[in-house]
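See below for the structure under consideration.
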Number of protein chains: 2
Amino acid sequence: MSLRHALLGLLADQPASGYDLTRKFEVSLQKYAWHARHSQIYPELNRLAGEGLISVVEEGARGRRTYAITDAGRTELRDWLLAPAKEAVVRNETVLRMFFLSTLDNDEIRGLLREWIEEADRELARIGESLDRIEALRRERKGRWFGLFAAEYGKRSFQTQREWAEWALAQVDEAEAAAEAAKRETG
Amino acid sequence: MSLRHALLGLLADQPASGYDLTRKFEVSLQKYAWHARHSQIYPELNRLAGEGLISVVEEGARGRRTYAITDAGRTELRDWLLAPAKEAVVRNETVLRMFFLSTLDNDEIRGLLREWIEEADRELARIGESLDRIEALRRERKGRWFGLFAAEYGKRSFQTQREWAEWALAQVDEAEAAAEAAKRETG
DNA sequence: TGTTGACACGTCAGTTTCAACATGTCACTC
DNA sequence: GAGTGACATGTTGAAACTGACGTGTCAACA
C-alpha cells in the first residue's frame, strides 16, 4: 500500500494536517504520482497514528490536528524507498488511451493529440511555477531540495508528452498523404 | 473503470482468449499503462460478454475461449477514448519514490538513481524489439500501426527517465561538492 | 508411464479505493 | 445577523483489486 508511504513522505518534509495533506495531493502528487481523496487520507492518518508512525503535535481550530512523522515512521519510509515490497504498480489512464489511439479515425486522433499538447503546456506552466517556488525555498533554507527531483521529472515527462504528440501528428499526416497518393495511383 | 476499456482495446486489434490477454498485459500494458491480474481479467471478460460488448468466437482445447469485440464494444471503446468519464487516474509507485528521494542520504540517492538508469536501459531494449516487431507487421499488413504510438511513447518515457536520473546524479554530486567546500571554509 | 511445465480458467476472502453523504467551524462581508 | 465560502474531519456502502488457492488439460520428454 503506497498511500501510507505517500503520507509519510509528505510528513517527512514538514508537519501537516489531513486537510493540508489533501491539498498537497491535489496540487502535486495527484497528477503524475499518486491519486487519493480525503475520504481515504483521514482514516489512513488515524491508522498511521495508531501504529506510532506519525503523531499529533498540535490541535488547532475546527478540530484541526497537525501530524508529524515519528522515528518509526522515518524508518518505515526509508525501508520502502530503498526496497519496495513488490514490483511497482502503474496505472495511467492517459497512457492507456494512447495505447489504443490507432483504433480511431485520423481526425479523431489529431483531436486527441492536440488536447494532449494543450494539457502538456498547462502542466508545464504549473510545474514551472512550482520549480520557482522550490528554488526560492532552496536559497532560503540551504541544502534542502524536497520536491525538486519530482518537479524536474514532471517537467521532463510533460515535455516528452508534448514532443511525442507532435511526432504522432506528423505520423498521421504522413500516413494519410501516403494513402491518398496510393489511391490516386490506382484510381 | 479502465480495465474493461483496456480489454476492449486489446480485442479491437484482434480476437484473443483470457490467457492471451493476461500475457498481453504482462508484456505490454503492465509496465507503463495499466496493471491487472488474471483473477481480475477473467471475471471482467465474463461481464463484458454478458453485456454484449465482446463475444466468444471460438472454443479450443483446455477450455480456451477466444473472444472478439462486437460493434457495441467498439462504440463503448470509442466513446471512452474520445471522452473519458472523469479526470484521468494516475498511480505510479516509482514516481512516488522519486518524489521523496531527497529524504535519503546522498549515497542512497545515488544507488536508487543508478537502479532506475539500469531499469530504463532494460526497458529501452525491450521496447526496441517491440518497435521492430510492430514495424515488420506494418510492412506486412499495410496501413496498420496498432501499438506503435504507445511503444514510441514508452521509448521516449524511459529515455526521459534515464536522462532525468543522470541529471539528478549530477545534482547530488554538485550539492555534495558545495557542502564540502563550505565545510572546508568554516572548518 | 511418470513427471514436468506451460496452458487455461476459475473462486474467494480480505483489503483498498471511491463517491456520496454528513457535520460542524470560522472569517468575512453585506 | 444572515449568508457565503473556505476550513476541517468524518462515515458508509459499493466497487475494484489482490494474493492465494483450486482444478484440470495437454505436449514433450525421460
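The chains referred to below are lettered A, B, ... by the order of the sequence lines, with proteins before strands, and numbering in each begins at 1.
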Can [X] and [Y] be counted as an ion pair, charged N to O under 4.0 angstrom?
X        : Y        : answer
B/Arg97  : B/Glu93  : no
B/Lys183 : B/Glu180 : no
B/Arg74  : B/Asp71  : no

Among [options], which nucleotide has an atom closest to any side-chain atom of [X]?
X       : options                : result
A/Tyr19 : D/dA6, C/dA6, C/dG10   : D/dA6
A/Arg62 : D/dA16, C/dG24, C/dT11 : C/dG24
B/Ser39 : C/dC26, D/dA20, C/dT17 : D/dA20

Would you mind classifying the nucleic acid contact of A/His35 as base, sugar-phosphate or nothing, using non-hydrogen atoms under 4.0 angstrom? sugar-phosphate
Please work out if B/Arg91 contacts a base, only the sugar-phosphate, or nothing of the nucleic acid, heavy-atom cut-off 4.0 Å. sugar-phosphate
[X] [atom1] to [N] [atom2]: how many Å, rounded?
X       : N      : atom1 : atom2 : value
A/Tyr67 : D/dA8  : OH    : P     : 13 Å
A/His5  : C/dT16 : NE2   : P     : 11 Å
B/Arg64 : C/dA6  : CZ    : C1'   : 13 Å
A/Lys86 : C/dT16 : NZ    : P     : 10 Å
A/Leu21 : D/dA8  : CG    : P     : 12 Å
A/His38 : D/dA8  : NE2   : P     : 13 Å
B/Met1  : D/dT18 : CE    : C1'   : 16 Å
B/Arg65 : C/dC7  : CZ    : C1'   : 14 Å

Looking only at side-chain N and O atoms, does B/Gln161 offer a donor or acceptor that is under 3.5 Å from a partner on B/Glu119? yes
Check whether any side-chain N or O of [X] sits under 4.0 Å from OP1 or OP2 of [N], and answer yes or no.
X       : N      : value
A/Asn46 : D/dT9  : no
B/Gln40 : D/dT18 : yes
A/Arg37 : C/dT16 : no
A/Tyr42 : D/dG10 : no
A/Arg47 : C/dT16 : no

Please verify the inter-ring angle class for B/Tyr32 with A/Phe99; under 30° counts as parallel, over 60° as perpendicular, anything in between as tilted.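 Correct class here is tilted.
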Under 3.5 Å, is there any donor-acceptor pair linking the side chain of A/Ser17 to the base of D/dA8? no
I want to confirm an ordering. Mapping A/Ala36 and B/Ala61 to their closest nucleotides on DNA chain C, which one lands closer to the 5' end?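 Checking each residue's closest nucleotide, the 5'-ward one belongs to B/Ala61.
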